[in-house]
Amino acid sequence: MNYFVRKDSIVREIWGKGDTILFIFAGASAEFALNKAVDWLYFTGKLPADPLGRLFSTVAYARQIVFSELDAANKAIDRIAAIHAGVEAKRGATIPDWAYRDVLFMLIDYSIRSYELLERKLTQAEKEEVFDVFFRVGTRMGLVGLPMTFADWLVMREQHLEQNMVNSHFTKDLYKQYRKHLGLIRYKLLMEAQVMVVPARVNTLLSLGNLPLLDPVLTVYKWSRKLKTDWILKSLILPDQYKAEIKQLDVYRA
């Protein structure tokens with residue numbers, strides 16, 4: 001059977017572990033709040049009403065693509081394109097090309113950053129493999145202006161971070177929603193996770209600081225994974241309604 005991502009790919013390992021996905025989620029939640037096109041997510045009302053659910057749905061679609069056979073993955077990508085086309089039709093405007101690229105770019109970046117934070121440094125070939133998977137997603141969606149190589153992506157990623165991020169009233173409102181839906185303690189944990197994983201530009205715009213208090217917690221957590229007691233810590237961190245979803249994300253087996 002032909003899969004969108006081959007079974008021995010590092011991308012499957014990255015997206016097959018719930019803890020890695022949690023850090024991808026943390027980084028994405030920061031960038032969604034800063035993106036100049038975040039008004040598109042406010043247009044439907046779904047983001048402010050359920051910011052965690054909206055972000056998890058983005059992650060869930062990406063994971064579905066990573067683990068599906070080729071035809072099913074392509075159909076999932078086509079559904080994503082159709083959903084966005086429907087939103088554009090309702091608003092009578094077109095989502096900017098750079099906004100589509102931004103989402104794709106953050107999935108590439110946080111896949112790499114999260115895995116390296118929790119596991120080990122990726123090789124150059126592995127980073128290029130991550131890039132290739134999401135490049136093919138973007139190509140299937142018909143996105144224009146995509147970088148053709150990982151080296152090109154590195155340059156464009158920095159350009160996008162400089163040009164397309166701003167701390168706006170949407171940023172402030174979305175962080176209020178994060179706090180409302182997570183509660184104070186989990187909200188603080190989210191921000192600490194963001195300190196550990198986001199690029200410097202994002203950190204600066206959000207004034208997150210540079211001294212992650214989660215470092216000792218992360219050390220304990222890594223040991224808990226070896227003892228297979230990591231779910232105890234996850235259950236303390238995750239809101240009840242998302243515990244089952246994250247537990248189901250742990251599909252990778254070494």
- [ ] Answer yes or no: are there more than 12 heavy-atom neighbours, outside Leu184 itself, under 6.0 Å from its atom CG?
- [x] yes

Open item on the list: Under a 3.5 Å distance rule, please check whether Asn203 uses its side chain to pair with a backbone N or O of Gly209 as donor and acceptor.
Closed with: yes

Open item on the list: Are Leu189 and Leu182 packed together at the side-chain level, in the sense that at least one heavy-atom pair is separated by less than 4.5 angstrom?
Closed with: no

TODO: Quick one: pull up CG in Asp102 and CD1 in Ile95 and give me the separation to the nearest 0.5 Å.
DONE: 12.0 Å

- [ ] For residues Asn167 and Leu34, determine if any side-chain heavy atom of one lies less than 4.5 Å from a side-chain heavy atom of the other.
- [x] yes

- [ ] Take Phe134 and Ser111 through the test side-chain contact (heavy atoms from CB on, under 4.5 Å) and record every step on the way to the result.
- [x] CA-CA 10 Å; Phe134 289 102; Ser111 293; 3.9 Å; yes

Open item on the list: Under the rule for ring-ring contact (aromatic ring centres under 6.0 Å, His included), what residues qualify as partners of Tyr61, not counting sequence neighbours?
Closed with: none

TODO: Answer yes or no: is there a side-chain heavy-atom contact under 4.5 Å between Leu174 and Tyr42?
DONE: yes

Open item on the list: Please verify the inter-ring angle class for Phe131 with Phe150; under 30° counts as parallel, over 60° as perpendicular, anything in between as tilted.
Closed with: perpendicular

Task: Lys127 side chain near Ile10 side chain, heavy-atom distance below 4.5 Å - done: no

- [ ] Run the numbers on Gln64 and Arg79 for side-chain contact (heavy atoms from CB on, under 4.5 Å), then give the verdict.
- [x] CA-CA 12 Å; Gln64 181 183 355; Arg79 282 197 300 273; 3.0 Å; yes

Task: Donor-acceptor contact below 3.5 Å, side chain Glu88 vs main chain Thr94 - done: no

TODO: Mind telling me whether His84 and Tyr100 have parallel, tilted or perpendicular rings, with 30° and 60° as the class edges?
DONE: perpendicular

Task: Arg157 to Tyr110 six-membered ring, cation-pi geometry met (6.0 Å, 45°) - done: yes

Task: Any donor-acceptor pair under 3.5 Å from Lys36 side chain to Ala99 backbone - done: no

TODO: Might you point out which heavy atoms bring Ala33 and Thr171 nearest each other, and give the distance in Å?
DONE: O-OG1, 2.7 Å

TODO: Nearest 0.5 Å please: distance from the CD1 atom of Ile65 over to the NZ atom of Lys75.
DONE: 14.0 Å

TODO: Report yes if the side chains of Met156 and Asp152 come closer than 4.5 Å at any heavy-atom pair, otherwise no.
DONE: no

Open item on the list: Quick check: is Leu146 connected to Val130 through a chain of hydrophobic side chains (ILVMFWY, heavy atoms under 4.5 Å apart)?
Closed with: yes

Task: Residue pair Gly27 / Val198: nearest heavy atoms and the distance that separates them - done: CA-CG1, 4.1 Å

- [ ] Might you work through the side-chain contact (heavy atoms from CB on, under 4.5 Å) test for Phe4 and Val137, ending with a clear yes or no?
- [x] CA-CA 9 Å; Phe4 192 84; Val137 172; 3.8 Å; yes

TODO: Mark yes or no for whether Tyr178, through its side chain, and Ser29, through its backbone, hold a donor-acceptor pair below 3.5 Å.
DONE: yes

- [ ] Measure the spacing between CZ of Arg63 and OG of Ser68 and express it to the nearest 0.5 Å.
- [x] 9.0 Å

- [ ] Determine, step by step, whether Phe135 and Ile108 satisfy the side-chain contact (heavy atoms from CB on, under 4.5 Å) criterion, reporting the C-alpha distance in whole Å, the side-chain angles of both residues, the deciding distance to 0.1 Å, and the verdict.
- [x] CA-CA 9 Å; Phe135 172 80; Ile108 295 170; over 6 Å; no

TODO: Taking Glu129 for its side chain and Val11 for its backbone only, find out whether a donor-acceptor pair lies under 3.5 Å.
DONE: no

TODO: Locate the shortest heavy-atom distance separating Ala30 from Val202; write the atom from each residue and the value.
DONE: CB-CG1, 4.0 Å

TODO: May I ask you to decide if Lys188's main-chain N or O and Arg179's side chain share a donor-acceptor pair within less than 3.5 Å?
DONE: no

TODO: Measure up the His160 and Phe105 rings against each other and bin them: parallel (under 30°), tilted (30 to 60°), perpendicular (over 60°).
DONE: tilted

- [ ] May I ask you to decide if Ile77's main-chain N or O and Arg140's side chain share a donor-acceptor pair within less than 3.5 Å?
- [x] no

TODO: Could you tell me whether Arg136 and Asp132 have a side-chain N and a carboxylate O separated by less than 4.0 Å?
DONE: yes

TODO: First locate atom OH of Tyr175, then atom CE of Met191, and finally report the distance between them rounded to the nearest 0.5 Å.
DONE: 6.0 Å

Open item on the list: Donor-acceptor check, side chain of Arg12 to backbone of Val5, threshold 3.5 angstrom: yes or no?
Closed with: yes

TODO: Answer whether the closest heavy-atom distance between the side chains of Arg120 and Tyr115 falls below 4.5 Å.
DONE: yes

Task: Rounded distance (nearest 0.5 Å) linking atom CG of Asn164 with atom CZ of Arg101 - done: 8.0 Å

Open item on the list: To the nearest 0.5 Å, what is the distance between CG on Leu161 and CG on Asn35?
Closed with: 10.0 Å

Open item on the list: I'd like to know if the side chain of Arg113 and the backbone of Phe23 have a donor-acceptor N/O pair within less than 3.5 Å.
Closed with: no

Open item on the list: In the structure I gave you, are the side-chain heavy atoms of Trp15 and Ile24 within less than 4.5 Å of one another anywhere?
Closed with: yes

